[in-house]
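Okay, structure first, notes after.
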Amino acid sequence: MAEGRPNEEAERVLAAIRQAVVQEAPLEVVGAGTKRGLGRPVDSADRLDLSGLTGIDLYEPEELVLRAGAGTPLAEIEAAAAENRQHLAFEPPDFGPLYGGEAGRQTIGGVIACNLAGPRRIQAGAARDHFLGVEAVSGRGEAFKAGGRVVKNVTGYDLCKLLAGSHGTLAAMTRITVKILPAPGKIRTVMVLGLDDEAAGAAMRAAMGSPYEVSGAAHLPAAIAAENPVDMVRDADGAATLVRVEGPGPSVEARAASLHALLSEHGRTEELHSSRSGALWRHLRDAAPFAAETGRPLWRVSVPPTAGAALAARIAASGPVRHCFDWAGGLVWLELPDESDRARATLVRAAAADAGGHALLLRGSVELRAELPVFQPPSPGRAALTARIKDAFDPRGILNPGRMYPEG
Amino acid sequence: MQMPEPDRSVQDRAPEIVRGLRSILAGEAVIAGEAELRAYECDGLTAYKALPMAVVLPSTTEEVARVLRFCKSQGVKVVPRGAGTSLSGGTLPLVDGIVLGLGKFNSVLEIDFENRCAVVQPGVTNLAISQAVDHAGFYYAPDPSSQIACSIGGNVAENAGGVHCLKYGVTTNNLLGVELVTMEGEVLRIGGKGLDAEGYDLLGIVTGSEGLLGVITEVTVRILRKPETARAVLIGFPSNEQAGDCVAKVIGAGIIPGGMEMMDKPAIRATEDFVHAGYPLDVEALLIVELDGPKAEVDHLIETVATIAAACGAVYTRASENEDERLTFWAGRKAAFPAIGRISPDYFCMDGTIPRHRLPEVLTRMAELSAKYGLRVANVFHAGDGNLHPLILYDANAPGELEKAEEFGADILRLCVEVGGVLTGEHGVGVEKRDLMPAMFSEEDLKQQQRVKCAFDPEGLLNPGKVFPVLHRCAELGRMHIHRGQMPFPDLPRF
């Protein structure tokens, strides 16, 4: 947390990008590098390493804000927050192990740049919803800032939103301000047993439509549930539909009881208390059911919640697939057995589009990610606008060229 | 207020332009008579007025696209307008432009409880969305004070907030998708009923862009199930410091109330005189804290808040015992602006946000400024998120008072920035705070924002003169200067 050090590092980032502009030598932008497998392979020989931009330089728990260098390990931020019984409410996942790496190494910048969010997305929003302010260097070699350090701000364009989920293609973020919120005291999970995907979708939507402030709704088909590290889920001997409530003790008990009553109409219910719930939702957050076979292609499909089960069924009808659902059915994880069958990849894309959503190839070999679009191919109008936005920040294609789309 | 120099060559062609618009839209959808145009000369920021060349009221997305294509071909500027309730002059007309009103886009298109969303046209009012889903126990969370009148399209353009946004988020956190027509007349669908963006977060950048990037013709919002119960508690303090301290301690205790509002003594008196909400008149500061959720939680937290308040020196505490009482507590706060309107011929509503712990200092300095300018000020304050609404009382008919009030307001906003805050928490920059933007942003910060504008509207025809104090040509903004292998100003300190 040494004063001044992040600034020197930020000056170094500025100088490196300016040099890259002049030399027309593109840069691969990395923090801890835990998600280098996310996105198309970057066409660049040089790396811009942001992992030196470390340190929390502002944390005011009562103001709900925290500011840190973009390369600050997320674990450091989470530990500081936990000391004040606070957390990042969007529940950032750790995908390190999905790519064969270690857990616990990613940076706050990486989490924001990929706009990641865990199961609480349905209640609390994604990284972009908690991203208050930024200092960054554009691909033009210019330092700029946007947003602020207060939780409510509409001054100027919300450039933070553009940078969240831009995968380092617009600017190298040097300093990040996030909203940080009280962590819940208690967690409970109501588990409904033995539902098929469609029935599970209906149960999750019923829970989401209740006034019981559900903060997680996921469904594990039997094959996935059987491998769960939490005994009660593993021993369920079939599919497990999981609904989470969090908050102060008396409230959580009352809501869990109400959800029992509501969900017992859908199937047999059981209840998991705080420690089992904690382990369970961390596992789901990190997509850990898909961390064992890192050579298999993994798709993350975002659709309207009512469309999730049918989409999974459509893929399953074309061959073997391991799948599960989060976000009340609106997030579908699909792991295919191998990547040689390009037709099935095309089918995933088409199914996502038909369902009114989009598919991200979250994991695949370098060859596959070079060959297939990793992000859903945009419509012509959207593609043109995307190119102009890229141009507005990085006209010479210096930052992460090709990371999101082949043309930029 | 200096607006961009009108383009005489466009003004001179006004009759021809009106004829062109009439070839696109049926007769009554193009307004060009001076008397009728008067209705559109200003928005909620009544200090600034201008008459546009015409007002058009299209009823379909295709008509919007055709109007925009026509205006682009003729070099005509376009100011989009929803209900015209902007407090920052976001829909102030341009004399060489037209106003594009979305008032005819007033239908709720689809309610989808299963996916917890509603698809509506942009002219639907904020409150009408909640009313449309109320029968099933749902509502739309962001609730600006003007919710009875303001349109959802305007809410998107301004990223509107409200008293419940600390817990439930502002517009941007409650949007799922929009249909947007660009200045080129291209119709883009952004987002949908799913959660995450595909590619760049265009929905995020369009929200709060104040009508400078495109015209919104459809909106998909997330709807939420109403909380089981809600209770409010009124808490009076002998000083602003103690009230501010209480707010910090409530949040420090891990409680995020559904709403947490503060009023200072002048605001308390004005609203109490107006709506008789039963506010105590012998306190310096009043908090309204609302807890919502399951009954067990609300009752538990009301107790906790009352205990914290007592420890902070509260001299008055009263919790609502039924729904009528809760609504009465809010009636005063929600009527704060008209209440001030009763005691002063005119008022400016400011909208800065500050780090909350700087509140006592900001209020003290505001009182000094009030004495300096000889103008009264009353404060209502979204205390949970630090969003101040100082109301500056003035009389536009008294020579020089408007200018004094403007200067007073500018000083307050500069003060907000100085203590680590921002110029606007929820009302937008518009024309009102446009020239203060350099207090918060460097030239490079502003240029980067304008480059995004250029990506959507390279000729700068959509709502120019708002948000940005200096208009640059897009070609100039896009240029990069590299001379003999060097970029200029390598040693400028930037961090």
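We use all heavy atoms of the structure for the numbers below, so side chains are in, but hydrogens, waters and symmetry mates are not. The sequence lines fix the lettering, A, B, ..., with proteins before strands; numbering per chain opens at 1. As the structure is a computational prediction, the values presented were derived from the model and not from experiment.
- Only the side chain of A:Ala254 comes within contact range of chain B, with at least one heavy atom under 4.5 Å from a heavy atom of that chain.
- When heavy atoms are compared at a cutoff of 4.5 Å, A:Glu60 approaches chain B solely by way of its side chain, counted from C-beta outward.
- Ranking B:Thr207, B:Leu477, B:Val170 against chain A, the residue ahead of the rest is B:Leu477, based on heavy-atom pairs under 4.5 Å.
- Ring orientation note: the planes of B:His389 and B:His382 are nearly perpendicular, at an angle over 60° on the 30°/60° scale.
- In this structure, chain B has heavy atoms under 4.5 Å from both the backbone and the side chain of A:Thr386.
- Between the side chains of B:His357 and A:Glu62, not a single donor N or O lies within less than 3.5 Å of an accepting N or O.
- Contact count versus chain B (heavy atoms, under 4.5 Å) is highest, among A:Gly147, A:Ser138, A:Pro182, A:Gly356, for A:Pro182.
- With a 4.5 angstrom heavy-atom cutoff, A:Thr155 touches chain B via backbone and side-chain atoms both.
- The part of B:Cys165 that comes within reach of chain A is its side chain, from C-beta onward, which places non-hydrogen atoms under 4.5 angstrom from that chain.
- When only modelled atom types and interatomic distance are considered, A:Thr169 and A:Tyr405 share no side-chain donor-acceptor pair under 3.5 Å.
- The parts of A:Phe393 that come within reach of chain B are both its backbone and its side chain, each placing non-hydrogen atoms under 4.5 angstrom from that chain.
- In this structure the side chain of A:Glu246 never reaches within 4.5 angstrom of the side chain of A:Lys186, judged on heavy atoms.
- With sequence neighbours left out, A:Ala127 forms a side-chain contact (heavy atoms from CB on, under 4.5 Å) with A:Phe90, A:Ile112, A:Asn115.
- For the set A:Glu213, A:Arg255, A:Arg121, the entry with the most heavy-atom pairs within less than 4.5 Å of chain B is A:Arg121.
- A distance-only check finds a donor-acceptor pair linking the side chain of B:Arg225 to the backbone of A:Gly209 [under 3.5 Å].
- Contacts between A:Pro395 and chain B at a heavy-atom distance below 4.5 Å involve the side chain alone, from C-beta outward.
- Among B:Glu184, B:Gln448, B:Met437, the residue making the largest number of heavy-atom pairs under 4.5 Å with chain A is B:Gln448.
- Judged as a ring pair (Phe, Tyr, Trp, His ring centres under 6.0 Å), and not counting sequence neighbours, B:Tyr168 has no contacts.
- The candidate with the highest count of non-hydrogen atom pairs below 4.5 Å against chain A, out of B:Gly254, B:Ala296, B:Ser442, is B:Gly254.
- Annotation: B:Glu110, atom CD; neighbour count of heavy atoms from other residues, nucleotides and ligands within 6.0 Å is above 12.
- In this structure, no portion of A:Leu360 lies under 4.5 Å from any heavy atom of chain B.
- Between chain B and the residues A:Arg388, A:His167, A:His358, the largest count of heavy-atom pairs under 4.5 Å involves A:His358.
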